[in-house]
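This report concerns only the one structure given below.
In the text below, chain A, chain B and the rest are named by the order of the sequence lines, each starting its count at 1.
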Amino acid sequence: MVQSFVLEMTEEEGLFTFPDSLCDALEDAKQQSAKREKELSDAEELICSLTPECDKIDYFLAAGSGVLCGIIDIFLVGKPGNSPFGTLSDQWAAKQTIRFAKRCGYRGKTDSLPGAIQFLEKKFKVNYDQTSGGPAFRDVLNLTAKNHHYKSLGHNPTALGLFFSVLDQFTGSSHFVSDGALVSLKIPADPDSFQLQGTTVPQKLFYGFLNWFGHLISDRSGSYISASNGSRGMGIPSPIWAFSNGVVALKNKLNLPVNRLNLAVREIGEKLFEEGYDNRFQTAQAIPVFINELLTRFFYTFRRILRYFSETPAEERSFSAFYQACNPFTGASVKRMLTVAHGSFCLLDVGDAAVRAAAHGNGVEFFLRLNLVGVGRFTISLCGEISRKIHCHSARESRAAIRKNRRILEQYLAALEELAEWYNDRELAESIRHFKACGLYREMFLKTAELSLKRGVAPEKVLQSKADIDRYFKGGNQS
Amino acid sequence: MKSNALKEAVKKSEVALRATQQLTAQMGEVSHRLYQVVSKMELAFEAIRGIPDEQTIEYKNAKVQRMKWHEQAVEIERSFDHAKVKQGFGAAVAGLGVAVATAAPSVAMGIATTFGVASTGTAISALSGAAATNAALAWLGGGALAAGGGGIALGSTFLTLSGPVGWTIVGLTLIPTLFSLFKGSKEKKEIEGIYSRISERDTSTLKLACTEIKERMKKMDDETALLNQDLGKIETFGIDYNQMSEDQQYQLGSFVNLMSAATQLLVTPIRGLQPLYSENDFYDFVLAYGKTSDPDYCRNHKETILSLCNLLYHIDLSDTEQKTWHKYLRKNKKALASLGISKEEFTPRLLSTVQEALSFAYRKRTVTPA
């Protein structure tokens, strides 16, 4: 009867499985408890992995690294045209251009940048490479040799730049962004000057991509003429500033209004480009940021190595434990140190740029000196900190909820164990049956006394001897 | 609209409550059979013993307990019938299932076992008489009666007596007002969390009770069968103790012990359904608390403290949760009324006293709070 009721409840409600016996209930509760413990340890582990354990020295070293690299940035990066690191990155870009040209078949003079550029310009010819393009371009777009790489969308090293480059090569047109407008100019077809290779669409797409990429490399260290003159020339725009062109182009394409902020940012980007802030200069800006990153990770790892060897006994050392303790790539502590390092770097850099801009009375000066790579890296660090904080908060909440629920489960388990003890009289009952069947009534009597005591009958009220039985039935008259 | 977590927790406690009520009704039938066989056995022993003297009375304590248990069951049944006639109670209990609505005598016996009888012969909760019967009746009626259909005043006495069953009933009546009182999702979430935990705690205690009731019924069934066999055997011994062989005398002694052990199955309360925080806990606390603070304050608010301690037992509240819950209860007249507390009485001091009382109880039971 009991069994049928239980089954009925289980099927009807579908919410519980009422255990059939105390043993089942205990087993079930123990499993639940183990599951809860696992959840709790997972939450603890997550909180631990999201909480930085940096001490004062860590913070001091990180801030010191940031300040050192900030000073390097101020004195060795500075602004385009007056930058020792800029010169280095220009030379490096020139070498890369020559190396790329050689790989593409250039057999000219080994160290000749103009030769390599000329070779690449011919090999990766595009139809949208109008430096000034005559009166039409000059009048309509105010296109000059100084700004055409910025204004021409095909010269932008971005995904949108690739899109417009391939589109222009397919359609024989040129796309420019000028004064907040996306301008498309159709160039009269001249099969001798440009023809997109390939016979099928996929082939044409492939060659379109190759032309875009090769042409960007050829323009990266300036033009053939500027390289022949020994001047720096105009490179290709930095991807970050070229993005402002993309925003204007996209808004135009989607018929969305271009606001003043979009225009202002694009205009600043153009001015910066005209001042020589190109892809090469942005590479130079990345140098102190990269040094900062390396130095901070080195400090972190170095201290952890020292700590590992000083605190771990020789017999307990292992490579995996060592790597886990000193790993400079993951962990909240190293990430916190990087945030501090890049934050102090940015503080110095922004301060220097602001002071110099104020001294010159020129806003463009501020952006020329502002290390955008550093600001970008710091932003990534900050986003990581916020994300870890949010995850940690949610993990703490979940840990608190598990702990509160665990308390209820612990009590349930303890109560079940008490019950199991109270009801655990199967052995006694079997002994009673056994002695009864064998006719061993004295032994049976002793077991029944034991059972009564176990059930909580007061000892003075349990018959425990023959005398007790006599007294109970004879009322003290033991004749 | 209740959130899913709270909704599920409440649903589970409802299911567990119904299961407990139905199992209690089933236990009543099994208890009745055991009671009958134990009573017959007692008569057989009386016949052998003849007229009892002072010394035999001490062994008859089991009978006293059993009789009290039976009286309690009869009283519960009588009150149940009275309520049905007077208040149209039948309709109110219709939702509780056929067993509870129609089989009152056996249900009453089940409830009598649930409440138990102490060795002194009083209700185990030490609150016997009308209060105990009312609580039992309210429990029998379930949420339908408690929600206002039956005219039995809920309050701290009911809540203290009826243990987690009472809390489940009260909780169910309070929760619907929860979401109309708070606009802020954070506060709602906190209150929801508190009530989810209360529901979860009650579900686990009711589940514990179900497990125990089933275990108890198995034992009662087994021992009823065993005692029936023994009863047949006693009749073959005759009624002259002195004429019996030693083996027969030992068997008689065994049967007396078995009868006592079986009586314990009738009168021992179901632990999962006992109040979580008892009057003894309260007085122990007052004794200890008196050394540092005002024991009169505790005594003056005894019922309220007992109520709240039972409600919040093993429910850990953070500081913000305490504040939000205090705010919620002060806004909710219905909730305060169901706890038998006035708005003026419900102060932060009262809540902090309750927290202290609970901490003291946890320490006393050597359970470390989380």
Exercise for the section: Using side chain to side chain donor-acceptor pair (under 3.5 Å) as the criterion, list what pairs up with A:E44, not counting sequence neighbours. Expected result: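 A:E44 satisfies side chain to side chain donor-acceptor pair (under 3.5 Å) with A:R399, A:R403 only.
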
Practice task
State which residues pass salt bridge (charged side-chain N to carboxylate O under 4.0 Å, His left out) with A:E421; sequence neighbours excluded, sorted by chain then number.
Solution key: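 A:E421 satisfies salt bridge (charged side-chain N to carboxylate O under 4.0 Å, His left out) with A:K454 once adjacent residues are dropped.
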
What distance separates [X] [atom1] from [Y] [atom2], expressed to the nearest 0.5 Å?
X: B:E215; Y: A:W422; atom1: CD; atom2: CH2; value: 10.5 Å
X: B:K219; Y: A:R426; atom1: NZ; atom2: CZ; value: 7.5 Å
X: A:K466; Y: B:E246; atom1: NZ; atom2: CD; value: 5.5 Å
X: B:H314; Y: A:Y412; atom1: NE2; atom2: OH; value: 15.0 Å
X: B:R216; Y: A:L22; atom1: CZ; atom2: CG; value: 11.0 Å
X: A:E443; Y: B:S254; atom1: CD; atom2: OG; value: 10.0 Å

Can you establish whether the number of heavy atoms outside [X] located under 6.0 Å from its atom [atom1] is more than 12?
X: B:D319; atom1: CG; result: no
X: A:Q324; atom1: CD; result: no
X: A:E417; atom1: CD; result: yes
X: A:R442; atom1: CZ; result: no

Fill in the blank from the handout: Scored by heavy-atom pairs under 4.5 Å with chain B, the best of A:L419, A:D425, A:L453 is A:L419

Practice task
Please answer whether the main-chain N or O of A:K404 pairs with a side-chain N or O of B:D316 as donor and acceptor at a distance below 3.5 Å.
Solution key: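 Absent.
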
Handout entry: Pair A:Q411-B:T205, side chain to side chain contact (heavy atoms under 4.5 Å, CB included): steps then yes or no
Key = CA-CA 9 Å; A:Q411 294 309 312; B:T205 45; over 6 Å; no

Which atom pair, heavy atoms only, marks the closest approach of [X] to [Y]?
X: B:K218; Y: A:S21; value: NZ-CB, 3.9 Å
X: A:V457; Y: B:S260; value: CG2-O, 3.8 Å
X: B:Y241; Y: A:F473; value: CD1-CB, 3.6 Å

Handout entry: Per-residue contact mode, A:I432 against chain B (heavy atom under 4.5 angstrom)
Key =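 Looking at A:I432, just its side chain touches chain B.
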
Practice task
Please flag which part of A:E418 lies under 4.5 Å from any non-hydrogen atom of chain B: side chain, backbone, both or neither.
Solution key: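 When you check distances to chain B, atoms from both the backbone and side chain of A:E418 fall under 4.5 Å.
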
Exercise for the section: Write out, in numerical order, the residues from residues 444-452 of chain A with a heavy atom short of 4.5 Å from a heavy atom in chain B. Expected result: A:M444, A:F445, A:T448, A:A449, A:L451, A:S452

Exercise for the section: Can you run down the side chain to side chain donor-acceptor pair (under 3.5 Å) pairs that involve residues 427-439 of chain A, sequence neighbours left out, and say none if there aren't any? Expected result: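 Listed by first then second residue: A:K436-B:D230.
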
Handout entry: Proximal component of B:Q248, with respect to chain A [non-hydrogen, under 4.5 Å]
Key =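 When you check distances to chain A, no heavy atom of B:Q248 falls under 4.5 Å.
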
